[in-house]
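Structure first, then comments.
Whatever order the structure lists them in is the order used to number ligands and atoms, beginning at 1.
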Amino acid sequence: DAVEAAKRLAAYTAVDRHIRPEDKVIGIGSGSTVPYVVERILQQGEERNRDRVFLPTGFQSQQLITHSGLRLGDIMQYSQLDVTIDGADEVDADLNCIKGGGACQLREKVLAEVARTFIVVADYRKNSAVLGTSVSFPVPTLTHNSPTPPKYTSGVPIEVSPFAHTSVLRSLHTMLDSPKATLRMARAKAGPVVTDNGNFIIDAPFTEAALRKPHELLVKIKLLTGVVEVGLFCDIVKAAYFGNQDGSVSARF
Ligand code: DER
C-alpha cells in the first residue's frame with residue numbers, strides 16, 4: 001500500500017546515500033520503517049556486511065538484526081558509530097522530531113547522539129512544518145472546555161521511572177500545561193507498557209505553541225524528577241527522508 005511503499009522509498013534512499021562501504025559500525029532504530037533499512041543493507045551483499053557490526057535500539061531492533069543474519073554489536077564496545085538510521089513519529093521543518101511511538105526513545109537517542117551521522121526515515125504522514133500538526137499522531141487533538149480552548153495536539157512520549165510516574169503525571173497536569181497526559185497502557189499485556197529498560201511511558205499532549213519551542217519544552221520535561229528520557233529530538237538529525245504518495249522522495253537537511 002502507499003504508506004509501506006513510502007517507507008521503503010525513504011529507507012532505500014537513506015541507505016544508498018548514507019551507508020558507504022567504509023561505514024562499519026551502524027545503529028539500527030525501531031519501528032516499522034527500519035525493516036526496510038535493513039532490507040536495503042542486505043542488498044549491499046554479504047561481502048560488504050561481513051565486517052560490519054549493527055547496534056540495536058531495543059529488543060525489536062535486536063530481533064531485526066539477528067533474524068537478518070547481521071552481526072550484533074554492543075554499545076559498550078563502541079565510543080562512536082559511523083551512522084544510525086531510525087524512524088520518527090513526526091519531523092518539523094527544522095528537523096526536530098517527536099519520537100517514542102514505539103517506546104524506544106531512550107536507546108534511540110543514545111545511538112543517535114553517539115553516531116557521526118544520524119538519519120531519519122519516514123513516510124509522508126510524518127512530514128510536518130510544525131510539530132503537533134501531522135496527521136499521523138495517535139493522540140487526538142484535545143481541547144479544554146473553555147470558550148477559547150487551546151488546541152492540544154501531539155502527545156510527546158516520556159519514559160519515566162515507575163516509582164515516579166504519578167508525580168510526573170501531576171507535574172505535567174499542573175505545571176507544564178499538559179492536562180491530558182496519560183500513562184500508556186499495553187494492548188497485548190495487562191497493565192502499563194513497560195519499556196526495554198523496565199520503565200513506563202507517559203504520552204503528554206501539548207499545545208502547538210509549546211511545540212513551537214521543542215528544545216525549551218524538552219528541557220522543562222527532562223528536569224522533572226523521575227523522567228528518564230523525552231521523545232523530543234532537537235539538533236540531532238542530520239537529514240530526514242520522506243517517501244511521498246506519488247513515488248517521489250523529499251529530503252530535508
Ligand atoms: O518510537 C520511535 O521513535 C520509532 O522510531 C517509531 O515511532 C517510528 O515509527 P514508524 O513505525 O512509523 O517507523
Side-chain angles (χ1 to χ4, degrees), residues 1-15 26-41 54-65 81 83-92 95-113 115 118-128 131-132 134-139 154-160 184 186-188 193-197 199-205 211 214 218 221 228-234 236-245 249-250 252:
D1 69 29
V3 170
E4 290 310 306
K7 290 178 181 180
R8 171 179 276 115
L9 203 53
Y12 277 35
T13 307
V15 170
I26 297 166
I28 298 295
S30 305
S32 62
T33 305
V34 287
Y36 297 113
V37 169
V38 170
E39 188 176 88
R40 191 58 167 178
I41 290 171
F54 296 85
L55 278 64
T57 51
F59 293 133
Q60 180 235 344
S61 174
Q62 187 174 321
Q63 288 179 320
L64 177 59
I65 293 165
L81 281 60
V83 54
T84 292
I85 305 187
D86 196 355
D89 299 310
E90 191 173 25
V91 187
D92 76 5
L95 288 174
N96 298 302
C97 298
I98 292 182
K99 282 174 59 53
C104 297
Q105 72 264 30
L106 171 61
R107 299 190 189 192
E108 288 173 339
K109 198 178 271 191
V110 171
L111 290 201
E113 291 183 340
F118 178 56
I119 303 293
V120 161
V121 290
D123 62 80
Y124 51 91
R125 298 171 306 165
K126 317 317 190 54
N127 185 354
S128 285
L131 288 185
S134 80
V135 294
S136 72
F137 243 79
V139 181
S154 302
V156 174
I158 304 166
E159 181 158 346
V160 296
R184 186 181 297 182
R187 277 195 283 271
V193 164
V194 178
T195 70
D196 298 341
N197 315 301
N199 296 313
F200 289 169
I201 294 283
I202 288 173
D203 289 301
L211 287 167
L218 164 58
I221 301 170
V228 175
E229 195 43 70
V230 185
L232 287 170
F233 283 42
C234 302
I236 304 179
V237 178
K238 178 170 186 180
Y241 294 89
F242 304 96
N244 296 316
Q245 286 170 291
V249 178
S250 302
R252 186 172 300 151

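Checked by atom type and distance alone, the side chain of Asp196 never pairs as donor or acceptor with a backbone atom of Gly58 at under 3.5 Å.
Between Ser30 and ligand 1, a contact under 3.5 Å exists for at least one N or O pair. Residue Gly100 has at least one N or O atom closer than 3.5 Å to an N or O atom of ligand 1. Checked by distance only, ligand 1 and Gly102 come closer than 3.5 Å through their nitrogen or oxygen atoms. Every N/O-N/O distance between Arg125 and ligand 1 stays at or above 3.5 Å. Residue Lys7 has no N or O atom closer than 3.5 Å to an N or O atom of ligand 1.
No part of Val34 comes within 4.0 Å of ligand 1, judged by heavy-atom distances. At a heavy-atom cutoff of 4.0 Å, ligand 1 is contacted by the side chain of Lys126 but not by its backbone. Under 4.0 angstrom from ligand 1, there are no non-hydrogen atoms of Ala122.
Nearest protein neighbour of atom 13 (O) of ligand 1, counting heavy atoms only, is Thr33 OG1, 2.8 Å. Closest to atom 10 (P) of ligand 1, if we only count protein heavy atoms, is Ser32 OG, 3.5 Å.
In this structure, Lys109 is positioned above the aromatic face of Phe233, its NZ or CZ under 6.0 Å from the six-membered ring centre and within 45° of the axis.
Taking 4.0 Å as the cut-off, Glu108 counts as a neighbour of ligand 1 on heavy-atom distance.
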